[in-house]
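Small disclaimer: the values here were computed from a predicted structure and weren't measured. Just so it is clear: chains get the letters A, B, ... in the order the sequence lines come, proteins before strands, and each one is counted from 1.
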Amino acid sequence: MENNNEAVNSNFIKTIIDNDLKDKKHNTIVTRFPPEPNGFLHIGHAKAICINFGIAREYGGTCHLRFDDTNPGKENIEYVESIKEDVRWLGFDWQENIFFASDYFEQMYDCAVQLIKQGKAFVCSLSPEEIREYRGTLTDPGRDSPYKNRSIEENLDLFERMKAGEFDEGKYTLRAKIDMASPNINMRDPAIYRIIKKEHHRTSDKWHIYPMYDYAHCLEDALEGITHSLCSLEFEDHRPLYDWFLDELNTEHHPQQIEFSRLNLTYTVLSKRKLIELVESKLVSGWDDPRMPTISGYRRRGFTPESIRVFCEKIGVSRANSMVDVNLLNFCLREELNKSAPRVMAVLRPLKIIITNYPEGKEEYLEADVNPEDPGMGKRMIPFSKEIYIERSDFIEDPPKKYFRLSPGKEVRLNHAWYITCEKVVRNEETSEIIELHCIYDPETKGGWSSDGRKVKGSLHWVSAKHAVDAEVRLYNNLFTTANPNEIDGDATYNDYINPDSIEIIKGCKLEPDLADAKINVRYQFLRLGYYWLDPKDSSKENLVFNRILSLRDKWS
RNA sequence: UGGGGUAUCGCCAAGUGGUAAGGCACCGGGUUUUGGUCUCGGCAUUCGGGGGUUCGAAUCCUCCUACCCCAGCCA
């Protein structure tokens with residue numbers, strides 16, 4: 001991937017890796033991104049993806065994409081496809097290293113048998129409710145299951161019959177024998193296999209028992225020779241278990257689990273539950289609604305993979321719970337697009353201007369930079385004629401101080417065209433709504449320059465009325481009105497903080513004619529407005545639909 | 001009132017005993033045919049709080065406080 005923007009900072013994980021390399025604990029680094037294929041990826045996952053794939057890339061190691069598919073019924077193949085697409089879109093390549101937990105079911109089973117033989121696991125007949133009772137509480141120790149001292153032979157027999165599908169779900173579990181009095185609840189004889197009689201998306205009906213996360217995950221990592229197993233903070237308490245399994249099984253590899261804090265973003269929710277709620281309540285149009293913090297949402301909105309990668313680099317990695325200002329993400333996008341986006345003029349809310357001293361029927365083409373930040377992008381020609389549109393918000397009849405756009409008697413520059421002065425405001429007699437403006441232009445200012453050194457403060461974007469193409473434009477804003485929708489007070493629900501202006505659809509927008517051939521995948525800067533691109537789903541030649549990816553910074557409005 | 005974590009500028013975050021990086025945001029000045037960009041400058045005498053060790057502490061010791069995570073046959 002070519003980019004010079006992802007300045008690489010260090011963090012505590014890299015420090016650990018540096019030391020491991022220096023101490024010859026490892027010669028090469030292997031990480032993994034291990035999603036469960038039961039939902040769509042969001043920007044929080046992007047952080048994990050960037051960390052894992054990024055570290056592998058930086059150290060010349062490899063990063064595995066591994067689907068943690070140990071719970072059929074929750075998982076399905078559509079999710080694995082969408083996850084692959086998202087990871088690829090973000091710019092990462094797992095090459096041949098794509099794996100599935102289900103590939104290891106046989107080995108995991110063998111390991112479980114080994115644990116039973118070592119007297120470290122037993123088949124438990126307690127019901128889920130009973131298990132909960134026996135587990136104790138945060139402050140009180142639990143009690144041993146009455147089935148904890150079944151003979152190894154009996155355990156072996158029962159476990160094999162669990163595998164064979166002889167029993168109903170919930171009837172038995174295989175549990176590790178650790179310590180029911182452990183202050184760490186995860187160590188209180190955790191279940192390692194449960195009976196699930198559901199079709200698995202890869203192994204079909206071959207299995208009737210499925211391994212639990214704690215047991216499966218460490219084995220997957222060990223089997224793949226992962227060197228550093230990076231996960232989020234909530235798994236910290238699971239690390240002793242992770243190590244316990246690998247120690248008891250004496251695996252060849254014993255990866256080191258390292259936890260970091262997950263991403264929170266202002267004005268955004270990232271929990272799976274809340275995201276589902278947004279989709280199911282139809283507050284958004286789907287998982288790829290441009291307002292969604294999902295990867296597919298950002299993709300459709302028009303965000304770039306690089307801006308997301310740069311963002312993930314900039315936020316750093318630490319163990320402190322944090323809430324990152326969404327402005328940082330926006331900054332990353334603007335920083336990139338300012339350099340790369342072709343400029344174009346578009347009037348979202350048109351106000352007609354008649355240039356009274358411009359010849360009727362005349363038209364001429366004016367030259368403009370495609371991108372003043374990059375002269376190499378060349379020039380374009382823009383048609384001008386007697387009737388043009390400007391933005392309604394660029395005219396105020398009775399302007400406030402420091403307003404340097406158009407108002408009666410005031411002269412402004414039409415970008416790349418001429419200076420104009422407003423001479424008359426025409427209103428609808430009944431509604432008194434302003435319907436058009438009469439202006440005169442100064443023929444001596446072609447291109448937007450004047451030779452007399454006259455200063456014109458305002459520069460407006462405009463579009464020739466008879467040449468303009470129409471389009472629908474969709475403006476997007478934060479989905480929530482509160483910076484932290486995760487923490488809302490009292491009896492309000494987070495639905496009370498949904499931003500009613502999170503989407504605004506404007507029809508009849510007037511665009512520079514070249515935009516009739518706007519290309520999908522090109523992110524344009526609508527001059528003075530922001531960055532826009534064609535909606536990948538809803539736009540068509542006949543009905544252009546532009547998404548506003550992001551507005552420009554605006555210190556005035 | 002069990003266990004595991006975390007506390008450095010409004011938001012992220014470096015810093016690992018030698019006297020507080022950087023980015024975002026914000027505020028000013030300049031440039032500018034985008035009130036964009038760019039550019040210059042400002043923005044923690046202080047590191048959750050109190051004690052202590054030391055010539056010297058955000059970094060070590062100690063006590064305290066706040067917040068986060070854990071009682072799925074989810075991951």
Pick base, sugar-phosphate or nothing for S459(A), based on heavy-atom distances below 4.0 Å to the nucleic acid. sugar-phosphate
Does a side-chain heavy-atom distance below 4.5 Å link F384(A) with S464(A)? no
Taking the six-membered ring of F122(A), is the NZ or CZ of R150(A) close enough (under 6.0 Å from the centre) and on axis enough (within 45°)? no
State whether F99(A) and R66(A) meet the cation-pi test: NZ (Lys) or CZ (Arg) under 6.0 Å from the six-membered ring centroid, and within 45° of the perpendicular axis. no
Taking the minimum atom-to-atom distance to the side chain of K74(A), which one of C73(B), U37(B), C74(B) wins? C74(B)
Which nucleotide in the set C12(B), G35(B), C73(B) lies at the smallest distance from any side-chain heavy atom of P128(A)? C73(B)
Compare all side-chain heavy atoms of L230(A) with those of I13(A) and state whether any distance is below 4.5 angstrom. yes
Any base atoms under 4.0 Å from H238(A), or only sugar-phosphate, or nothing? Heavy atoms, all strands. base
Closest to the I315(A) side chain, choosing from C24(B), C12(B), G4(B): C12(B)
Using atom P in both nucleotides, what's the gap between G48(B) and C9(B) to the nearest angstrom? 8 Å
Nearest-Å distance once atom P is located in both G36(B) and G29(B): 13 Å
Counting only side-chain heavy atoms from C-beta out, which of U34(B), A75(B), C24(B) sits nearest to L328(A)? C24(B)
Heavy atoms from C-beta onward define the side chain here; which of C74(B), C68(B), C69(B) lies closest to that of D237(A)? C69(B)
Can you identify which nucleotide, out of U37(B), A13(B), C73(B), has its nearest atom closest to the S322(A) side chain? A13(B)
Rounded off to whole Å, could you give me the CD-to-P distance for the E234(A) and C74(B) pair? 17 Å
When you check the phosphate oxygens OP1 and OP2 of U37(B), does a side-chain N or O of K339(A) lie under 4.0 Å from one of them? no
G2(B) and U16(B), which share atom name C1', separated by this distance in whole Å: 31 Å
Rounding to the closest angstrom, what is the interatomic distance between G28(B) and G35(B) at atom C1'? 16 Å
State whether R319(A) places a side-chain N or O below 4.0 Å from either non-bridging phosphate oxygen (OP1 or OP2) of C69(B). no
Can you tell me which nucleotide in G35(B), A25(B), C12(B) comes closest to the side chain of R553(A)? A25(B)
May Y213(A) be described as stacking on the base of A75(B), applying a 5.5 Å centroid limit and a 30° limit on plane angle? no
Using the C1' atom in both, what is the distance from U8(B) to U59(B), to the nearest Å? 11 Å
Quick one: E391(A) CD to G35(B) C1', roughly how many Å, whole number? 14 Å
